[in-house]
2 protein chains.
Amino acid sequence: MKTVYERADVVPLLAEIFRELGYEGTTLSRITERTGIGKGSLYHFFPGGKEEMAAAVLADVDAWFERAIYEPLRRDDPRAAIDAMWANVMDYFRSGSRICLVGAFALDETRQRFSPVIRDYFVRWIEALRQALVRAGYAEDDALAAAEEAVSGIQGALVLSRALDDKDMFRRTLDRLTGRLAATKRGG
Amino acid sequence: MKTVYERADVVPLLAEIFRELGYEGTTLSRITERTGIGKGSLYHFFPGGKEEMAAAVLADVDAWFERAIYEPLRRDDPRAAIDAMWANVMDYFRSGSRICLVGAFALDETRQRFSPVIRDYFVRWIEALRQALVRAGYAEDDALAAAEEAVSGIQGALVLSRALDDKDMFRRTLDRLTGRLAATKRGG
DNA sequence: CACGCATTGTACCGATCGGTACATAAAACG
DNA sequence: CGTTTTATGTACCGATCGGTACAATGCGTG
């Protein structure tokens, strides 16, 4: 028997595996074991092998953030877009039980393979948020610092809530970060 | 010819390799390649193999933080100990170019192997800082939140400064976190 | 110097790694 | 319905994985 997949369906499955196991920890046999997708299919969709799989996953993640978060921050009403960002972040990372693949790749040597993508993901996030904050009334200088603090704070919350195995810590930290953005907006 | 090592000298070398390559990325051949230490020595010092090596490294890291940071926070003048903590963190993580091994292990499946150690490292850090903040005049409730924010913020700064390959971002973020602790101390 | 023990280099093990080749089965298309 | 295209399972490859066995070398102690 043969199960037929499409590339677009495979990428999210790979994403979860890379998230859980990391780049080095993800092996072809583990992929087959968890998804049922054999080497034949994998190398058909991703002739470049494991590296191309990871690159496709990163591109997919990047595209999701671009559409769901960065674009609205640049385009929509800034306060609404920022509120939507917090809600999306909370959902996307499943209250801290799902990690940020880009952040995880940034930590070890995997970074060297994908450094432009990794950098770009965070640069664009910070910049989009900074623009929204400026449009919401922030001073130019404060906006950059606040945007960096928010994005950095999310990454820290992911590490810590996972280390402590405590979803509530993620929610608390995100609430605190949300409050900080709003407080600085008013107070300067 | 034979070079003779001691276990205590090997652990820090292993630590740097695990930091750079992660648990799965660290192979015995890479260890030999980077340190010159052969399998004979490694399995003599660490009969349990790679897992015991990583455990030894984690214990070493933990011991360093206990002695250099947690104990002073619990014992010494709180403001001086907190100042020393920021200085030590800045040095230890080499302005963000060196990652937190415990945080990195928390992100992927490696966490399952070492979850008690990982959890304990962060629990004790937060608790020691919380105690210091209380002794410095914080309200009980504020102290826990502020301690969590500081520790989480450090982890986030490590991820982000590494993703952006920007040591200055690490310094800026640590300065901001330092200011937050001091500001809340005064303002409540 | 001689003995004994801690330490080390090297050869080797089965298992698994990422990757390739290819015959075959399913879809797509006429 | 036959043909072409796309997708898939399987067998296989050399390299490397973590780990073991052991003889040889260094060092401390008498």
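Naming: A, B, ... by sequence-line order, numbering from 1 per chain.
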For this session: Could you check B:Leu28 against B:Glu33 for side chain to side chain contact (heavy atoms under 4.5 Å, CB included), going step by step and ending with a plain yes or no?
Result: CA-CA 8 Å; B:Leu28 297 180; B:Glu33 173 189 307; over 6 Å; no
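- Atom-to-atom, CG of B:Leu28 to C1' of D:dT16 comes out at 11 Å; the value is rounded to the nearest Å.
- At the phosphate of D:dT8, neither OP1 nor OP2 sits under 4.0 Å from any side-chain N or O atom of A:His44.
- Listed here is the closest heavy atom pair of A:Val11 and A:Ala56: CG1-O, 3.9 Å.
- Residue-to-nucleotide proximity on DNA chain D shows that, of B:Lys50 and B:Val4, the 5′-proximal contact is made by B:Lys50.
- In this structure, A:Phe46 places its CZ atom 15 Å from C1' of D:dT6, rounding to the nearest Å.
- In this structure, CD of A:Glu6 is placed 11 Å from C1' of D:dA7, rounded to the nearest angstrom.
- Comparing atom distances between the B:Lys39 side chain and each of C:dG18, D:dT20, D:dG26 picks out D:dT20 as nearest.
- Regarding A:Glu24, its CD atom lies at a distance of 18 Å from the P atom of C:dT16, rounded to whole Å.
- Proximity note for B:Ser29 (side chain, C-beta onward) versus C:dT8, D:dC17, D:dG18: the nearest is D:dC17.
- Residue-level contact check: B:Thr32 touches neither bases nor backbone, having no heavy atom under 4.0 Å from any strand.
- Under 4.0 angstrom from either OP1 or OP2 of D:dT8 there lies no side-chain N or O belonging to A:Thr3.
- Closest-nucleotide positions on DNA chain C for A:Thr27 and A:Gly40 were compared, and the one nearer the 5' end corresponds to A:Thr27.
- Checking C:dG19, D:dG18, C:dA26 against every side-chain atom of B:Tyr43, the shortest atom distance belongs to D:dG18.
- Whole-Å rounding puts the B:Arg7 CZ to C:dT8 P distance at 13 Å.
- Between the CD1 atom of A:Ile31 and the P atom of D:dG9 there is a distance of 14 Å, given to the nearest Å.
- In this structure, A:Tyr138 contributes its side chain and A:Leu181 its backbone to a donor-acceptor pair below 3.5 Å.
- Between the CD atom of A:Glu33 and the P atom of C:dA15 there is a distance of 17 Å, rounded to whole Å.
- Geometrically, A:Arg111 does not engage A:Phe105 in a cation-pi contact defined by less than 6.0 Å to the ring centre and at most 45° from the axis.
- The CG atom of B:Leu133 sits 8.5 Å away from atom CG of B:Leu73, with the distance rounded to the nearest 0.5 Å.
- Taking atom CZ of B:Arg30 as the reference point, atom C1' of C:dC17 lies 13 Å away to the nearest angstrom.
- Comparing C:dT8, C:dC17, D:dA7 by their nearest atom to the side chain of A:Phe45 picks out D:dA7.
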